[in-house]
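Each remark here refers to the structure printed beneath this line.
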Number of protein chains: 2
Amino acid sequence: MGVSLKDVALRAGVSLRTASKVVNGSPHLRPATRERVLRAVDELGYRPNLTARHLRSGRTGLITMAVPDVARPYFAELAGAVIETAARYGRTVLLDHTGGSYERELTVCNGARSHLADGLILSPVRLAEEDLRARADQAPLVLLGGGEYRVPYDHIAIDDVAAARTAVRHLASLGRRRIAFVGASDDRARREADLRLRGWREELAAAGTVPSTALVAATDGRGRQDGLAAMTRLLARQRSRGRPVPDAVFACNDQLALGAMRALAQHGLRVPEDVAVVGFDDTEEGRYAAVSLTTIAPDTSAIARLAVTRLVERISWDGASPPPAPVRITPGHTLVVRESTTGRSGTGRAPPRPAAPAFEPAAPAHAFAGCQSRQPPVARGTV
Amino acid sequence: MGVSLKDVALRAGVSLRTASKVVNGSPHLRPATRERVLRAVDELGYRPNLTARHLRSGRTGLITMAVPDVARPYFAELAGAVIETAARYGRTVLLDHTGGSYERELTVCNGARSHLADGLILSPVRLAEEDLRARADQAPLVLLGGGEYRVPYDHIAIDDVAAARTAVRHLASLGRRRIAFVGASDDRARREADLRLRGWREELAAAGTVPSTALVAATDGRGRQDGLAAMTRLLARQRSRGRPVPDAVFACNDQLALGAMRALAQHGLRVPEDVAVVGFDDTEEGRYAAVSLTTIAPDTSAIARLAVTRLVERISWDGASPPPAPVRITPGHTLVVRESTTGRSGTGRAPPRPAAPAFEPAAPAHAFAGCQSRQPPVARGTV
DNA sequence: GTGAAAGCGCTAACAG
DNA sequence: CTGTTAGCGCTTTCAC
């Protein structure tokens with residue numbers, strides 16, 4: 001079936017070794033020999049068998065990336081950036097879904113693709129510290145997001161609590177007092193949601209308000225439909241109790257925010273006049289919404305770049321020198337102010353601004369330079 | 001470093017063969033033996049080396065999926081569906097970007113990942129028929145979208161021309177007469193854009209209108225920004241010439257449509273009162289837009305399912321029986337009518353409807369049953 | 001039921 | 001500079 005290097009060597013009248021060298025572009029070969037082998041390769045339509053090469057070298061050039069669901073805009077954009085970066089390092093990305101399920105996260109982290117990929121980039125949602133500690137796979141792992149983990153793995157995550165506080169502070173600074181939170185986790189097992197909720201709570205407390213649980217709406221999922229449903233429920237609940245409706249919403253991500261905005265419109269509430277809305281992630285969708293969405297913009301491209309860089313560094317560790325120490329990197333985030341909080345101010349109907357260039361952590365000068373600096377989150381208004 | 005089956009066998013005091021059998025769950029083994037091996041596996045923390053297994057079996061269990069860019073919502077949703085389906089068949093998806101570039105499409109189709117993946121699912125944008133004919137890789141290939149290709153490969157694509165005509169007909173039926181097209185291909189090399197443009201042209205001609213090139217806006221990319229820019233240009237051009245502004249827009253995809261809507265708002269034009277808008281793809285984003293987007297909904301989940309099914313069938317072909325004939329499958333599409341063409345009619349502020357259940361082509365009864373029926377595209381209003 | 005041996009396609013030691 | 005020889009870790013004929 002497949003034509004192997006042996007066939008090529010035979011045809012070219014050289015040894016296997018020589019053919020191998022030609023194919024791998026080794027120098028020190030008589031041009032005539034090289035020529036002959038190359039011709040044989042062409043005539044036979046030889047294609048190197050990567051699997052065999054990998055078995056020999058112990059490396060596959062593959063990286064597994066595991067996210068809850070690529071169909072979710074944030075992860076689609078993140079995965080896209082990771083794929084591009086990985087390609088620049090000659091790596092291919094194997095994309096896995098965890099569905100945000102604890103079991104599937106555990107499976108992936110314990111090497112579902114054992115020996116297939118050289119390393120793993122994981123966006124854990126529910127995985128706990130002890131699960132990672134008990135990890136039964138030795139392939140390099142880089143964690144993305146999800147707050148604090150005291151584990152011996154590289155971990156790249158913005159400061160969710162601080163970011164949430166920035167968002168809430170922005171709303172408070174606009175004079176909003178009844179700031180709702182959309183997208184809490186039902187069972188509190190969703191780490192990220194929990195951190196952002198904590199930020200909401202802390203900032204309100206700091207402002208002297210008592211955070212009311214009546215203003216917290218939990219959701220099952222993370223999609224637009226979930227945001228719409230949660231907001232609808234929250235409004236109904238408040239009204240049925242004769243309580244005033246919130247005058248601001250901080251949503252756990254952009255899609256929840258957009259869904260919530262849909263619900264607000266259905267109830268005749270205007271954004272931002274009646275209710276100001278802030279999202280999280282700065283997905284492109286929010287930038288072009290009819291009322292463009294104010295949001296927290298994590299430095300996604302830095303996250304992707306750092307994830308790949310760290311992983312590749314670990315994969316290509318020579319095994320001799322002291323192993324690279326696990327790092328905790330906190331990329332910057334930015335508050336991007338758009339119409340959903342300040343309306344069509346100033347420039348009137350200007351196109352939605354692209355996100356302000358997000359904070360750039362000190363980047364490795366070249367491929368394998370480390371980036372161990374811990375950067376404080378930076379919040380910056382963009383008007 | 002890694003612990004191999006040999007180590008396990010040694011530890012359990014059995015032969016390699018036996019250990020292999022246990023690991024692969026073969027029957028006919030003395031329970032005691034099995035027990036002993038399993039214990040050794042546990043104690044040593046053995047993980048099978050998939051690369052080696054693959055080298056031996058000639059199969060890797062991997063499927064490459066190549067799309068222009070997963071960050072684009074349609075491809076994110078499609079890739080998500082493919083990943084889920086593939087997982088059900090025990091396959092893993094290796095995701096590649098082509099960037100919609102001709103060269104990269106060519107590279108991928110000619111087996112950039114030779115022998116690494118068992119098969120390829122490709123969404124070609126610019127690849128021509130002759131490129132596919134001259135394909136230098138024998139791994140099974142399933143094509144997705146992009147109109148007609150007279151090539152010996154499975155090809156799953158809705159009828160773009162008919163779908164576009166349906167969209168335009170809908171606009172015409174609402175009394176719109178100056179129907180613009182947003183998202184034409186600059187160099188006509190983008191097959192899909194060209195087909196949809198043709199549909200626009202044909203339907204207008206059928207309605208007795210002369211399609212005016214002044215109403216066609218080409219774009220470089222396929223994103224929201226491109227739609228916004230194109231629409232802005234088109235409006236400026238029309239106005240500068242003292243020509244009336246269009247009263248409807250058919251965009252080549254949802255993101256272009258959403259960008260165009262942003263531009264219309266900036267020019268003080270209301271949707272749908274002044275300008276009705278129809279998109280293409282039925283990405284979730286359009287369903288929750290402030291003015292929800294009327295669109296053409298391809299049966300994405302059927303496309304994903306069929307793609308994986310066909311590919312797996314070909315991969316597991318025994319080599320003996322007559323090879324499965326290449327099929328051309330035309331999944332259904334649906335016109336989903338939402339607010340961007342008919343406003344908040346009837347139900348007032350009802351939530352945007354989920355897409356109507358799209359037409360379902362006769363599906364394989366079980367995993368490997370063929371689905372060779374050629375289904376006519378079905379357009380169905382959903383009010 | 002279990003063991004020995006061959007080999008998937010390739011690369012890395014060694015010789016020559 | 002090139003050829004010969006071992007394996008990488010696994011499955012799979014074959015014997016026993």
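Note on naming: letters A, B, ... go to the chains in the order of the sequence lines (proteins, then strands), and numbering restarts at 1 for each one.
- For the residue pair A:Ser101/A:Thr98, the side-chain donor-acceptor check at 3.5 Å is not satisfied.
- Residue B:His28 contributes atom NE2, which lies 12 Å from atom P of C:dT2 at whole-angstrom precision.
- Considering A:Leu78, A:Val308, A:Leu311, A:Val70 in turn, A:Leu78 is the only one that fulfils the side-chain contact (heavy atoms from CB on, under 4.5 Å) rule with A:Met65.
- Sequence order on DNA chain C of the closest nucleotides to B:Arg30 and A:Asn24 puts B:Arg30 first from the 5' end.
- Under 4.0 angstrom from either OP1 or OP2 of C:dT2 there lies no side-chain N or O belonging to B:Thr18.
- The side chain of B:Leu5 has D:dC10 as its nearest neighbour among D:dT2, C:dC10, D:dC10.
- Residue B:Arg59 contributes atom CZ, which lies 24 Å from atom P of D:dG9 at whole-angstrom precision.
- Note on A:Val23: nothing from the nucleic acid sits closer than 4.0 angstrom, heavy atoms only.
- Between B:Leu55 and B:Ser15, the residue anchored closer to the 5' end of DNA chain C is B:Ser15, taking for each the nucleotide with the nearest heavy atom.
- Between the NE2 atom of B:His54 and the P atom of D:dT12 there is a distance of 13 Å, rounded to whole Å.
- A side-chain donor-acceptor contact under 3.5 Å links A:Asp118 and A:Thr60.
- At a cut-off of 3.5 angstrom, the base of C:dG7 holds at least one donor-acceptor pair with the side chain of B:Arg56.
- The side chain of B:Arg17 sits closest to D:dT13 out of D:dT13, D:dG3, C:dG1.
- Checking B:Ala52 against B:Lys21, the closest nucleotide of DNA chain D that is more toward the 5' end is the one next to B:Ala52.
- B:Leu16 comes within 4.0 angstrom of a base, heavy atoms only.
- Between A:Arg53 and C:dG9, a side-chain N or O to OP1/OP2 separation shorter than 4.0 Å is absent.
- Listed by first and then second residue, the salt bridge (Lys or Arg N to Asp or Glu O under 4.0 Å) pairs involving residues 120-131 of chain A are A:Arg126-A:Asp187, A:Glu129-A:Arg133 (not counting sequence neighbours).
- A:Arg328 and A:Tyr149 are not linked by any side-chain donor-acceptor pair at a separation below 3.5 angstrom, with hydrogens and angles left out of the test.
- Regarding B:Arg36, its CZ atom lies at a distance of 12 Å from the C1' atom of C:dG1, rounded to whole Å.
- In this structure, A:Leu29 places its CG atom 13 Å from C1' of D:dG3, rounding to the nearest Å.
- Within the 4.0 angstrom heavy-atom criterion, only backbone atoms of the sugar-phosphate kind lie near B:Thr33; the bases stay farther away.
- Going from atom CG of B:Leu50 over to atom P of D:dC8 covers 18 Å, rounded to whole Å.
- Atom NZ of B:Lys6 is separated from atom C1' of C:dA4 by 13 Å (rounded to the nearest Å).
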